[in-house]
Amino acid sequence: MIKVNFEPKVDIEKTTEVLKEIAHDKMGGWFDLPRKFDMGEFARIKEAAKKIQEESEYLVCIGIGGSYLGHRAIIEALHPHSETKIIYAGNSLSRRELERALEKVGDHDFSVNVISKSGTTLEPAVAFGEFKKKLIEKYGEQEAYSRIYATTDKKQGALHDEAEACGYAKFVVPDNVGGRYSVLTAVGLLPLAVAGVDVDKLLEGAADAAENAIEPATKYAWMRYGLGHKGYDTEVFASFEPSTMYFNEWLKQLFGESEGKGRQGIFPASVVYSTDLHSMGQFMQDGRRNLFETIIDFPTDEMNAKVVQAVRVAHLDGGIPVLDIEVPSYDEQGFGELIYFFELACAISAKLFGVNPFDQPGVETYKNELKKLMS
């Protein structure tokens, strides 16, 4: 079970009210998801993953933001074994990156998992067009379509309609689960299963956290809220495993998009120690004291454990509030627990700051401006 090393003042009545709001929110479907997952959909996901593994050397995952960060974080961290390798595309508009992905696939056998609720987000739409063309050129239209897996809206949208018309295998992005909270849906589970991650254990970990992580998640949320009101406006997530870099990126999206509204929220940043002690270490020790540090403490070897201890003592002495989140294991179970813990803590924290954890109006503003320029 995840543990925290701090005891903030918690308003039980307010917490109960917030948890009820989250559970009944129209976008709160992730709250009970680990305990109520559609097992028919889960079986289809594992069946599709097996088919992809049997016929493809690469699976190209096309998506941006919450459509790729969560599952990439777990794959990079656990480095599971699978003959089918994951390639990512559609997470930027860089032509160079897209061409590199196309070149990496080359003449190898491949399949595509395009992940988009609407199908109209520009970055994945551009990449999907290129890879669909490559599939058709290599296999012909009929087989090409059998190698496309669309994770999208259940009933509507451009990608949903195309999948229906062309016969792509289709998986659902639940209406009541937003992108950054969707790791434990088909959005994350299909590429994770293809990559060789034990998705059963991942869901078991999340289900365990749904039962046992409410108390530590609540403490963490109230600690952030208290620090925010004392002028600590930046949180630095600190990991001591280089392979968790993308997990840090998912955390930054989760907290940034959930809290950063109405001139509210704590700015999320991240470091990976001990590497970043030789770059950001000086600022952390002696820079502005507007930040606090959250150590994600995985089980580690003796040498790394001493680094964790040294950082904790040095930064506390330097005037930085240091929060410890102790993760029980560095495996699917542990990451399942950790994902649910942070989703819950983030939602509670955003509610305490008085903002909606589940929308992202600022992102929509950028999209609208881009549409004007592209028109």
Side-chain angles (χ1 to χ4, degrees), residues 1-2 18-49 63 65-75 113 115-117 149-155 170-193 197-218 220-221 247 250-251 253-255 257-258 327 331-351 356-360:
M1 187 176 72
I2 288 174
V18 164
L19 287 171
K20 286 181 179 177
E21 288 178 10
I22 292 168
H24 292 97
D25 194 284
K26 66 179 182 179
M27 295 303 292
W30 57 271
F31 186 75
D32 282 324
L33 187 67
R35 293 172 290 201
K36 298 181 179 179
F37 200 90
D38 182 340
M39 298 313 292
E41 177 89 339
F42 193 46
R44 288 183 61 241
I45 288 169
K46 291 193 282 188
E47 184 180 343
S67 294
Y68 96 104
L69 272 176
H71 55 85
R72 184 168 191 176
I74 298 169
I75 291 168
N113 179 204
I115 308 167
S116 176
K117 193 169 181 66
Y149 300 79
T151 307
T152 188
D153 191 90
K154 185 176 183 179
K155 297 179 180 178
K170 187 157 56 66
F171 297 93
V172 174
V173 182
D175 288 336
N176 58 356
V177 179
R180 58 191 176 275
Y181 292 86
S182 67
V183 190
L184 301 174
T185 71
V187 169
L189 294 177
L190 178 58
L192 286 166
V197 171
D198 188 331
V199 290
D200 291 280
K201 287 186 177 178
L202 188 75
L203 284 181
E204 285 173 16
D208 185 61
E211 295 294 333
N212 300 307
I214 291 178
E215 182 181 354
T218 297
Y220 175 50
F247 191 81
W250 175 72
L251 285 174
Q253 186 204 3
L254 179 67
F255 282 90
E257 279 196 346
S258 296
V327 189
D331 56 12
E332 288 91 343
Q333 177 84 18
F335 275 94
E337 290 187 46
L338 196 59
I339 287 163
Y340 189 87
F341 168 86
F342 274 118
E343 288 178 346
L344 181 58
C346 180
I348 296 171
S349 182
K351 288 281 188 180
N356 181 354
F358 308 124
D359 65 357
Q360 51 278 337

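Computed over heavy atoms, backbone and side chain alike; hydrogens, waters and symmetry mates excluded. Here, residue 1 is the first one in the sequence, and each next residue gets the next number.
- The shortest non-hydrogen separation linking K201 to E332 is CB-CB, 3.8 Å.
- Looking at heavy atoms from C-beta onward, L184 lies out of side-chain contact with V177 at the 4.5 angstrom threshold.
- The side-chain heavy atoms of V199 and F42, taken from C-beta on, include a pair separated by under 4.5 Å.
- Heavy-atom minimum distance, Y220 versus A345: CD2-CB, 3.5 Å.
- Counting heavy atoms from C-beta outward, I339 and E343 have side chains that approach closer than 4.5 Å.
- Within the model, atoms CG of D200 and CD of Q333 stand 11.5 Å from one another, a figure rounded to the nearest 0.5 Å.
- Within the model, atoms CD of E211 and CD of E337 stand 12.0 Å from one another, a figure rounded to the nearest 0.5 Å.
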Checklist line | F335 vs V183, side chain to side chain contact (heavy atoms under 4.5 Å, CB included): CA-CA, chis, key distance, verdict | finding: CA-CA 11 Å; F335 275 94; V183 190; over 6 Å; no
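- A donor-acceptor pair under 3.5 Å is absent between the side-chain atoms of D208 and the main chain of E204, judged by distance alone.
- Defined by atom type and a distance below 3.5 Å, a donor-acceptor pair is present between the side-chain atoms of S258 and Y181.
- Within 6.0 Å of CD in E47 there are 12 or fewer heavy atoms belonging to other residues, nucleotides or ligands.
- A salt bridge does not link D175 to K155: none of the charged nitrogens lies less than 4.0 Å from a carboxylate oxygen.
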Check: Do L344 and F31 pass the side chain to side chain contact (heavy atoms under 4.5 Å, CB included) test, and can you show the C-alpha distance, the side-chain angles, and the key distance before you say yes or no?
Finding: CA-CA 8 Å; L344 181 58; F31 186 75; 3.7 Å; yes
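- Using modelled atom types, one side-chain atom of N113 and one backbone atom of Y149 make a donor-acceptor pair closer than 3.5 Å.
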Margin query: Run L192 and D198 through side chain to side chain contact (heavy atoms under 4.5 Å, CB included) and show every step you take.
Written below: CA-CA 8 Å; L192 286 166; D198 188 331; over 6 Å; no
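- A donor-acceptor distance shorter than 3.5 angstrom exists from the side chain of S182 to the backbone of G179, with no hydrogens or angles considered.
- Here the side chain of W250 pairs a donor or acceptor atom with the backbone of R180 at under 3.5 angstrom.
- The side chain to side chain contact (heavy atoms under 4.5 Å, CB included) with S67 is formed by just one residue from the set I115, V173, T151, T152; it is I115.
- With sequence neighbours excluded, no residue satisfies side-chain hydrogen bond (donor to acceptor under 3.5 Å, both in side chains) with T185.
- Between the CG atom in L19 and the CD1 atom in I214 there is a gap of 6.0 Å [rounded to 0.5 Å].
- We find the NZ-CG distance between K351 and N356 to be 6.0 Å, quoted to the nearest 0.5 Å.
- When every heavy atom of M27 is checked against every heavy atom of G178, the shortest pair comes out as CE-N, 3.4 Å.
- Here the closest non-hydrogen pair linking P191 and A186 is CD-O, 4.0 Å.
- Residues K20 and H24 approach most closely at O-ND1, 2.8 Å, considering heavy atoms.
- Within the 4.5 Å cutoff, the side chain of R35 has heavy atoms near those of the D32 side chain.
- Summarising the geometry, atom CD1 belonging to I2 is positioned 10.0 Å from atom CG belonging to N212; distances are rounded to the nearest 0.5 Å.
- Interatomic distance, CG of L189 versus CD1 of I45, reported as 5.0 Å (0.5 Å rounding).
- For E215, the CD atom sits in a loose shell: 12 or fewer heavy atoms of surrounding residues, nucleotides or ligands are nearer than 6.0 Å.
- When side chains are defined from C-beta on, L338 counts as touching F247, because their heavy atoms get closer than 4.5 Å.
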Item checked: side chain to side chain contact (heavy atoms under 4.5 Å, CB included) assessment of V327 paired with M1 -> CA-CA 7 Å; V327 189; M1 187 176 72; over 6 Å; no
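- Heavy-atom minimum distance, A347 versus F358: CB-CZ, 4.2 Å.
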